[in-house]
Amino acid sequence: MARRVFRKTGPLSDLARFEAEAEGLNELAAAEALRVPEVYGVGTDAGGAYIEMERLDLAAPDPDGERRFGAQLAALHRVTADAFGWHRDNWIGGSPQPNPRSLDWPAFFREHRLEFQLALAAKQGYRGELETLGRALASGLDALFGSYRPVPSLLHGDLWAGNWGMAHGHPVVFDPAVYYGDRETDLAMTRLFGGFGRAFYAAYEETWPLAAGWERRVALYQLYHVLNHLNLFGGAYHGQALMLLRELTDQQ
């Protein structure tokens, strides 16, 4: 039986991004916690760069599927490393995502997530209050963690509702931005744009309960993605970024 192939294409400059995506999918597959499309190959041809993977017929999730996904995501997060980051950099959407190895999660998030996106925003002219509040948040970031010390969990990294579905009765994820970090970051992303029901969160909590105080860090982890959307898609996200920054600096 011929295999069914999904082929994603782009200019030659996308080759490194497709290679990182393939490595991320393989890292998730090796965890044996969640279904991911099998990667068939990455390369270039006369049309540019491409990645080929298993083509899956996706269906909308029902409450049972959400429950299974919640439990399986918790199992994925149980896969840990000895440091935060990853063995290579990758991309979050169209933005670079640096992943140098670190033993200090707040420092990693400050430098390679928050400050990195704020620097991109400044280059595009988003300064003023955004820059001032961003610097204040970065300098006092440790206050949002207190005694909380997460383990380096294997993360999908870009877990919004458009990056998962059901295939042949199994939850499946795709389009990852993989690295090892605080598992709360994946869950904060699920709450940013909606699309995840109570069954998903209940199953996750039953499988691996979150640490006390996780609610205080949701806005911080969402800010990373909102800043990234600001840098990728423009000023429509400026007000939301400011709102999150004000909320977070008020907590410091």
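We number each residue from 1, following the sequence as shown.
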* Run the numbers on Y221 and D186 for side-chain hydrogen bond (donor to acceptor under 3.5 Å, both in side chains), then give the verdict. => CA-CA 8 Å; Y221 293 144; D186 264 352; over 6 Å; no
* Apply side chain to side chain contact (heavy atoms under 4.5 Å, CB included) to the pair R101 and D82, showing each step before the final yes or no. => CA-CA 9 Å; R101 288 166 56 83; D82 58 1; 2.9 Å; yes
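- Note on V151 and Y148: same hydrophobic cluster, where clusters join Ile, Leu, Val, Met, Phe, Trp and Tyr whose side-chain heavy atoms are under 4.5 Å apart, directly or indirectly.
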* How far apart are the C-alpha atoms of R7 and D45, what are their side-chain angles, what is the distance that settles it, and do they pass the salt bridge (Lys or Arg N to Asp or Glu O under 4.0 Å) test? -> CA-CA 13 Å; R7 182 181 174 100; D45 58 20; 2.4 Å; yes
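- Within the model, atoms CG of D57 and CE of M166 stand 13.5 Å from one another, a figure rounded to the nearest 0.5 Å.
- A donor-acceptor contact shorter than 3.5 Å links the side chain of H156 to the backbone of F174.
- Taking 4.0 Å as the cut-off between side-chain N and carboxylate O, R135 and E131 count as a salt-bridged pair.
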* **From CA spacing to verdict: side-chain hydrogen bond (donor to acceptor under 3.5 Å, both in side chains), N231, Q117** => CA-CA 8 Å; N231 288 318; Q117 287 289 337; 2.7 Å; yes
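- Separating the OG atom in S153 from the CG atom in L73 is a distance of 9.5 Å, to the nearest 0.5 Å.
- Q97 contributes a side-chain N or O that, together with a main-chain N or O of A177, makes up a donor-acceptor pair within less than 3.5 Å.
- The hydrophobic clustering, which links ILVMFWY residues whose side-chain heavy atoms are closer than 4.5 Å, places L154 and L103 apart.
- The list of side chain to side chain donor-acceptor pair (under 3.5 Å) pairs with a residue in residues 30-42, not counting sequence neighbours, reads R35-E54.
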* Show the numbers, then the answer: is there a side chain to side chain contact (heavy atoms under 4.5 Å, CB included) between E129 and R246? => CA-CA 10 Å; E129 187 181 7; R246 291 166 185 152; 2.9 Å; yes
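- A donor-acceptor contact shorter than 3.5 Å links the side chain of N163 to the backbone of D158.
- Counting only distance, with no hydrogens or angles, the side chain of N99 and the backbone of Y179 share no donor-acceptor pair below 3.5 Å.
- Remark: aromatic rings of F69 and W164 are close, center separation under 6.0 Å.
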* Could you walk me through whether L210 and Y201 pass the side chain to side chain contact (heavy atoms under 4.5 Å, CB included) check? -> CA-CA 10 Å; L210 292 171; Y201 297 108; over 6 Å; no
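- Contact record, L76 with A31: CD1-CB, 3.8 Å, taken as the closest heavy-atom pair.
- Within the model, atoms CD of E23 and CG of L25 stand 10.5 Å from one another, a figure rounded to the nearest 0.5 Å.
- Not less than 6.0 angstrom separates the ring centroid of F84 from the ring centroid of F109.
- For the atom pair CD (E27) and CZ (R88), the distance works out to 11.5 Å, reported to the nearest 0.5 Å.
- In the hydrophobic clustering of ILVMFWY residues, with side-chain heavy atoms under 4.5 Å counting as a link, F6 and F18 come out together.
- Between E52 and K8 no salt bridge is recorded (no basic side-chain N to carboxylate O distance below 4.0 Å).
- The side-chain heavy atoms of L230 and L130, taken from C-beta on, include a pair separated by under 4.5 Å.
- Y204 and H77 have their aromatic ring centers within a separation under 6.0 angstrom.
- P100 is not listed as a side-chain neighbour of S102, based on a closest heavy-atom distance of 4.5 Å or more.
- Of all non-hydrogen atoms in R67 and A199, the two that sit nearest each other are CG-CB, 3.5 Å.
- Closest non-hydrogen pair, T207 versus R78, comes out as O-NH2, 4.0 Å.
- Within the 4.5 Å cutoff, side-chain heavy atoms of L244 are placed close to those of E247.
- With hydrogens and angles ignored, the 3.5 Å screen pairs a side-chain donor or acceptor of N26 with a backbone N or O of A22.
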* Are V178 and L155 close enough, and set up right, to give a side chain to side chain contact (heavy atoms under 4.5 Å, CB included), and what steps lead you there? -> CA-CA 6 Å; V178 163; L155 305 177; over 6 Å; no
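- Taking 4.5 Å as the limit, some side-chain heavy atom of Y224 sits within range of a side-chain heavy atom of I92.
- F200 does not carry R68 over the face of its six-membered ring by the limits of under 6.0 Å from the centre and within 45° of the normal.
- One distance of note links CG of L223 with CG of L227; it measures 4.0 Å at 0.5 Å rounding.
- Remark: side-chain polar atoms of D182 are not paired, donor with acceptor, to backbone N or O of T185 under 3.5 angstrom.
- The backbone N or O of F108 lies less than 3.5 Å from no partner atom in the side chain of H112, so there is not a single donor-acceptor pair.
- Pairs of residues two or more places apart, or lying in two chains, that qualify as salt bridge (charged side-chain N to carboxylate O under 4.0 Å, His left out) and include a residue from residues 106-122 are R110-D142.
- In this structure, L34 and V173 approach most closely via the heavy-atom pair CD1-CG1, 4.2 Å.
- Cation-pi geometry between R183 and W208 is met: the NZ or CZ atom falls under 6.0 Å from the ring centre, inside 45° of the normal.
- Looking at D104, its side chain does come within 3.5 Å of a backbone N or O of A107 through a donor-acceptor pair.
- Clustering ILVMFWY residues whenever any of their side-chain heavy atoms sit less than 4.5 angstrom apart, transitively, puts V218 in the very cluster that holds W105.
- Closest approach of H225 and G157 over heavy atoms only: CE1-O, 3.5 Å.
- Put simply, the side chain of P96 does not reach to within 4.5 Å of the side chain of D89, judged on heavy atoms.
- Atom CH2 of W160 sits in a sparse spot, with 12 or fewer heavy atoms from other residues, nucleotides or ligands closer than 6.0 Å.
- The backbone N or O of L187 lies less than 3.5 Å from a partner atom in the side chain of T190, making a donor-acceptor pair.
- The shortest side-chain heavy-atom distance between Q240 and H229 does not fall under the 4.5 Å cut-off.
- Here CG of L137 is found 12.5 Å from OG1 of T132. Values are rounded to the nearest 0.5 Å.
- Contact between A136 and T249 at its shortest, heavy atoms only, is CB-CG2, 4.3 Å.
- Note on L192 and M243: separate hydrophobic clusters, where clusters join Ile, Leu, Val, Met, Phe, Trp and Tyr whose side-chain heavy atoms are under 4.5 Å apart, directly or indirectly.
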